[in-house]
Structure formats: C-alpha cells, structure tokens
Amino acid sequence: GAFDVALSARTAEAEPVGPPPSPLAPLDVLNGMLSAARVSPRSADRMVLLQAAAHYLDEAKGVLPPHESLAMKKSLREQVALEQRVDLRYAKWSAQLLQQASKAAARGRAGDVQAVAARVIEDDRKMGQARPDVVGTLLATVQQKAEEASAVRLQRDRRQLNRAEYARYEQAVGPLLARIERLQPVLEQKVGRAH
C-alpha cells in the first residue's frame with residue numbers, strides 16, 4: 001500500500017491591466033482637501049485639512065495664480081483661526097457646565113444636574129451646534145453626574161432613615177437599659193456573695 005498524492009491548482013487567466021491612472025492635477029488635489037474639510041464632522045480633522053491645503057499651496061507652485069494663492073492662504077488661515085476660537089469657546093463652556101453638574105451631583109441634586117443637561121442642549125443650539133462631538137461627550141458625562149447625584153441622595157436618605165430607626169430603638173430600649181443599670185449594684189452584690 002504505497003500511494004502518491006499530487007496537488008495542483010489552476011488559476012484563471014488574469015485580465016490585462018491597463019495603464020495606471022494619470023496623477024491628479026494639482027488643482028484637483030487642492031479642491032479635494034477643501035471639499036473634505038467642508039464635510040468633515042470633526043473640527044480637528046477640518047483644521048488638519050485646511051492647514052494641509054495651505055501647506056500644499058506653498059509647496060506646489062503654480063496651482064493658482066500668485067494673487068489667488070495669497071488670497072486662498074489668507075482665507076485658510078482665517079478658517080483655521082475660526083475653528084480654534086470655536087474650539088476654545090466650547091472647551092470653556094463645557095468645563096463650566098461640567099463643574100456645575102459635578103457640584104450638584106456632590107450635593108445629591110439630580111434635578112439641578114438635569115437642568116445642566118437642558119442648558120447644554122439650549123446653549124449648543126445658540127452657538128450653532130458647531131461641535132456635536134463635544135456636546136455628545138458632555139451630555140454623556142452630565143448623565144453620569146445625574147446618576148451620581150441620585151446615588152448620593154439615596155445614601156443620604158438611608159442615613160436619615162437609619163438615624164430615625166436608631167432613635168426609635170433608643171426610645172424603646174432606653175428605659176429598659178436604665179433599669180438594668182439601677183439593678184447592676186444589686187446583681188454585683190449577689191454575684192459577689194455567690195463566690
């Protein structure tokens with residue numbers, strides 16, 4: 001019983017590959033960066049694309065006539081500066097509201113935390129809803145603070161309930177313990193005689 005095994009595979013005939021596509025024209029590359037910046041939902045991505053477009057104008061000479069290139073670079077710098085200002089405004093606003101929510105949560109005021117959440121939505125609408133990612137993160141964090149506030153309130157309510165139960169217990173058992181304390185000398189005398 002000896003035998004041989006031979007494996008073979010057939011491949012389909014590959015279709016001939018055509019010539020590689022021609023490289024994009026410099027103006028098409030620039031327009032692609034600008035289009036991507038316009039539709040990008042994240043400010044960080046928009047700033048990178050706008051800065052890349054400005055750098056591309058510096059490096060790829062002749063993409064635009066010189067006076068258009070200067071005007072375009074100025075516009076790109078202004079757009080980046082605007083993005084940075086909006087980022088800063090949202091960062092300060094977000095930190096302020098988060099601080100308010102944290103203080104309210106520490107005091108167990110879930111209603112105050114919910115008021116902060118409502119303010120997040122209202123303020124963002126007034127600011128043009130320019131940073132949905134920041135607002136989404138802030139709302140999620142504020143919701144966590146609302147849960148923390150509820151937990152703090154529950155702990156506080158339990159402590160108050162325990163104090164009330166302890167006071168009732170003390171009222172019920174206190175007179176009994178006072179009698180036992182008055183009987184203690186008599187009991188000690190009886191124990192002493194027994195020894």
### Query
According to the salt bridge (charged side-chain N to carboxylate O under 4.0 Å, His left out) rule, which pairs have a member within residues 124-143, sequence neighbours left out?
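Residue pairs with at least one partner in residues 124-143: E83-R131, D87-R131, E122-R125.
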
### Message
Do L97 and R119 make a side-chain contact, defined as non-hydrogen atoms from C-beta onward lying under 4.5 Å apart?
### Response
yes

### Validation row: Y90, S43 side chains within 4.5 angstrom (heavy atoms)
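No - every pair of side-chain heavy atoms lies 4.5 Å or more apart.
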
Please find the pair of heavy atoms, one from [X] and one from [Y], that lie closest to each other, and give the distance.
X	Y	answer
A117	L139	O-CD2, 3.8 Å
A146	A110	O-CB, 4.2 Å
A37	L50	CB-CD2, 3.9 Å

Just verifying a value: how many Å separate [X] [atom1] and [Y] [atom2], rounded to the nearest 0.5 Å?
X	Y	atom1	atom2	answer
L57	E68	CG	CD	10.5 Å
R85	E78	CZ	CD	9.0 Å
R38	Q79	CZ	CD	8.5 Å
L64	K73	CG	NZ	10.0 Å
R153	R109	CZ	CZ	9.5 Å
L70	S75	CG	OG	12.5 Å

#### Entry: Any donor-acceptor N/O pair, S35 side chain to N31 backbone, under 3.5 Å
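Side chain of S35 to backbone of N31: a pair is present.
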
### Query
Ignoring hydrogens and geometry, is there a side-chain-to-backbone donor-acceptor pair from S69 to P65 under 3.5 Å?
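No.
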
### Message
Quick check on the hydrophobic clustering: are L49 and L30 connected, directly or via other members, by side-chain heavy-atom contacts under 4.5 Å?
### Response
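The answer is no; the residues belong to distinct hydrophobic clusters.
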
### Query
Honestly curious: do L82 and M47 fall in one hydrophobic cluster under the side-chain, below-4.5 Å linking rule?
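No: no chain of side-chain contacts under 4.5 Å links L82 to M47.
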
### Task
Go through L98 and W93 one step at a time and tell me if the side-chain contact (heavy atoms from CB on, under 4.5 Å) criterion holds.
CA-CA 9 Å; L98 188 56; W93 166 78; over 6 Å; no

### Query
Could K103 and D112 be called an ion pair, given the rule that one side-chain N must be under 4.0 Å from one carboxylate O?
no

### Message
side-chain contact (heavy atoms from CB on, under 4.5 Å), that's the test. Do L34 and L76 meet it? Break it down for me.
### Response
CA-CA 9 Å; L34 297 175; L76 293 172; 3.5 Å; yes

### Task
For side-chain contact (heavy atoms from CB on, under 4.5 Å), just list the numbers for Q129 and V135, CA-CA rounded to whole Å, side-chain angles, deciding distance to a tenth of an Å, and then say yes or no.
CA-CA 8 Å; Q129 298 174 321; V135 171; over 6 Å; no

### Query
Among Q143, Q100, K145, which one satisfies side-chain contact (heavy atoms from CB on, under 4.5 Å) with V113?
K145

